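In what follows, a single structure is set out as structure tokens and then discussed.
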2 protein chains.
Amino acid sequence: MNTAYDPRAFEPFAVTVDLAVFTVRAGALHVLLIRRGQEPYAGAWALPGGFILPRESAETAARRELAEETGLSPALVAALHLEQLRTYSEPGRDPRMRVVSVAFTALVPDMPEPAAEGGGDADRARWVPVDGAAGLAFDHAVILSDARSRVGSKLEYTCLATAFCPPEFTLGELQAVYETVWDTALDRPNFRRKVLATPGFVEAVPGAARLTGGRGKPAALYRPGPATVLHPPLLRPTEGHPR
Amino acid sequence: MNTAYDPRAFEPFAVTVDLAVFTVRAGALHVLLIRRGQEPYAGAWALPGGFILPRESAETAARRELAEETGLSPALVAALHLEQLRTYSEPGRDPRMRVVSVAFTALVPDMPEPAAEGGGDADRARWVPVDGAAGLAFDHAVILSDARSRVGSKLEYTCLATAFCPPEFTLGELQAVYETVWDTALDRPNFRRKVLATPGFVEAVPGAARLTGGRGKPAALYRPGPATVLHPPLLRPTEGHPR
DNA sequence: CCCTTTATAGTCACAATGACTATAAACACG
DNA sequence: CGTGTTTATAGTCATTGTGACTATAAAGGG
């Protein structure tokens, strides 16, 4: 950045964004993919994304592409918590030309198939279980894998899990998010004790509100609290590490 | 990334890297800065960095620029632990043209002034206390601030603190790193108990080796252990959060 | 009307932590 | 050549957090 300004001093690169948008659905972590229409990788699944326009920041471009390529509602896309994952810049990651891509991660509550809402290229967008996503275009398998492990860590020390839930949720639903992303079973009483003991993580919906989808005792409803980080963190069960 | 290949479909951007390289020196966190030689911001301090070349990845470019612009030894630059911080892409962040910059963070042990080693533009490089760094070029103040807080968090849940230390170090030196970066005092016995109880964080140098710079009882020497993450984390004293 | 299912309350032993006290081994300096 | 300062290291102790469980409550399904 301190090289003299000389048009020949730098190579013009294409700069794109890619998005790994996750949701928890039917007990499995899903990611939003689109089926590519043209070469290269025509017919293959890929992460949504596209070129950054001249007057856009990467984050603005990410929201625009997400709205254009998927059926997610504009209100949701505008309110979405987007987080930069990392930038992928290996030469050769796109066979056509030199492309540097800024990858983002987002979490959304479960919702209908994007195709149902129509519009744009939404008919080519699908929620796909992350474990079943194979043969992705470009280096998107690597991006997806990086995004997945980042989400797992984020659940430990941030309040991000509530982003997977609807505006009001039960502690059982919140626990299911953790169990799905971490792929472990958690003790229910201990989980609730930990969550309720963390100031600002969730707050009870006052109107003694309760609601249930099916069997069992109705659960109290909670909504996201003001906190953004978890103090202390909610560590996932020791993966081989003696605790 | 799934737009048809059409040269007019994307804007060519310049892509650069910027580096926030930290060290702990004389009880203060320092960052490596270079003084700019030409406009814009001629004479101002800036983070080292520069354009990515056609066949380079961002990380390769970061190492090359670091070696070219500073007096850090090639061996050190090659072995350095570089970590992507985030990518800065706001339009207008460079007055000359559209520049997207991939920022990296690195930590090095204390060492002589880069100028002493000569070569390249090293005479314009300096270690500057981060709290005294003002008037940085471009948006480098923002990058530096982001990097600083990232380093603070990283110390909590990774073994990165040892990267600030020489190959063999005392627990007192390691504690000084934490105290400097977090700007807090830590209880010495509790710190050593925690560090030694974390498997793989540090390992004692076997030869009953000890060494001291000045007064006091000589301290045992340790080197970095095989672990890369801290289980459980070494949380910084509650900043207003009730623990 | 029981039985299954889910939510929630509570218990208990143990591990981790924060705040201290105590001892050891060096050097400085009078 | 002690004495005191400085840094390292070994403990203690009360409190808190955690994992593993047990118990009770409130629904719906046969």
Side-chain angles (χ1 to χ4, degrees), chain A residues 27 155-157 165 168-180 182 184-205 208-222 230-243, chain B residues 27 155-157 165 168-180 182 184-205 208-222 230-243:
Chain A
L155 290 200
E156 292 191 321
Y157 54 93
C165 297
E168 298 188 340
F169 51 87
T170 68
L171 293 187
E173 290 166 351
L174 187 65
Q175 183 177 346
V177 167
Y178 276 92
E179 293 182 324
T180 301
W182 287 348
T184 25
L186 300 175
D187 179 83
R188 198 182 284 268
N190 290 342
F191 178 82
R192 91 185 273 100
R193 176 182 51 181
K194 191 76 167 73
V195 169
L196 295 177
T198 304
F201 189 5
V202 299
E203 49 193 31
V205 174
R210 35 188 61 212
L211 165 140
T212 180
R215 301 210 270 283
K217 176 176 173 178
L221 287 178
Y222 293 85
L230 255 32
H231 263 269
L234 209 163
L235 298 176
R236 87 184 85 183
T238 72
E239 308 170 338
H241 304 272
R243 172 66 157 95
Chain B
L155 290 200
E156 291 191 322
Y157 53 92
C165 297
E168 298 189 341
F169 52 86
T170 69
L171 294 186
E173 289 166 352
L174 187 64
Q175 182 177 347
V177 167
Y178 276 91
E179 293 183 325
T180 301
W182 287 348
T184 27
L186 299 175
D187 180 82
R188 198 183 284 269
N190 289 343
F191 179 82
R192 89 185 275 99
R193 177 181 51 183
K194 191 76 166 71
V195 168
L196 295 177
T198 304
F201 189 6
V202 299
E203 49 193 31
V205 174
R210 33 188 62 213
L211 164 141
T212 179
R215 302 211 269 282
K217 177 176 173 179
L221 286 178
Y222 293 84
L230 256 32
H231 264 269
L234 208 163
L235 298 176
R236 88 184 86 181
T238 72
E239 309 170 337
H241 305 271
R243 173 66 158 93

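FYI, side chains are in, hydrogens and waters are out, and symmetry mates aren't considered; it's all heavy atoms of this structure. Predicted, not measured: the structure shown is a model, and the values here were computed from it. Chain letters run A, B, ... following the sequence lines, proteins first, then strands; residues in each count from 1.
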note: A:Leu221, atom CG; C:dA7, atom P; distance rounded to Å ~ 11 Å

Nearest-Å distance, CG (A:Leu196) to C1' (D:dG17)?
15 Å

Would you list the protein and nucleotides 1-3 of chain C atom pairs, both N or O, that sit under 3.5 Å from each other?
none

Write down the distance between CZ (A:Phe169) and C1' (C:dA7), rounded to a whole number of angstrom.
16 Å

Spacing of A:Phe191 atom CZ relative to D:dA20 atom C1', expressed in whole Å
17 Å

Rounded to whole Å, please give me the gap between CD in B:Gln175 and P in C:dG18.
13 Å

To the nearest Å, give me how far apart CZ (B:Arg236) and C1' (C:dT17) are.
18 Å

Ignoring hydrogens and angles, does a donor from either the side chain of B:Arg193 or the base of D:dG11 sit under 3.5 Å from an acceptor on the other?
no

At under 4.0 Å between heavy atoms, which parts of nucleotides 20-25 of chain C does protein reach? Answer with one letter per nucleotide, 5' to 3': B base, S sugar-phosphate only, - none.
BB--BB

Between B:Lys194 and B:Pro232, the two heavy atoms sitting closest are NZ-O, 3.7 Å

Grab the CD-P distance between A:Glu156 and D:dT18 for me, whole Å please.
13 Å

Does A:Glu179 have any side chain to side chain donor-acceptor pair (under 3.5 Å) partners at least two apart in sequence or in another chain, and if so, which?
A:Gln175

Report, one pair per line, the protein and nucleotides 28-30 of chain C atoms (nitrogen or oxygen only) whose separation is under 3.5 Å.
none

Whole-Å distance, A:Leu235 CG to C:dA15 C1', equals 14 Å

The side chain to side chain donor-acceptor pair (under 3.5 Å) partners of A:Arg193 (sequence neighbours excluded) come to A:Asn190

Got a sec, which residues hit ring pair (Phe, Tyr, Trp, His ring centres under 6.0 Å) with A:Phe191, two or more places apart in sequence or on another chain?
A:Tyr178

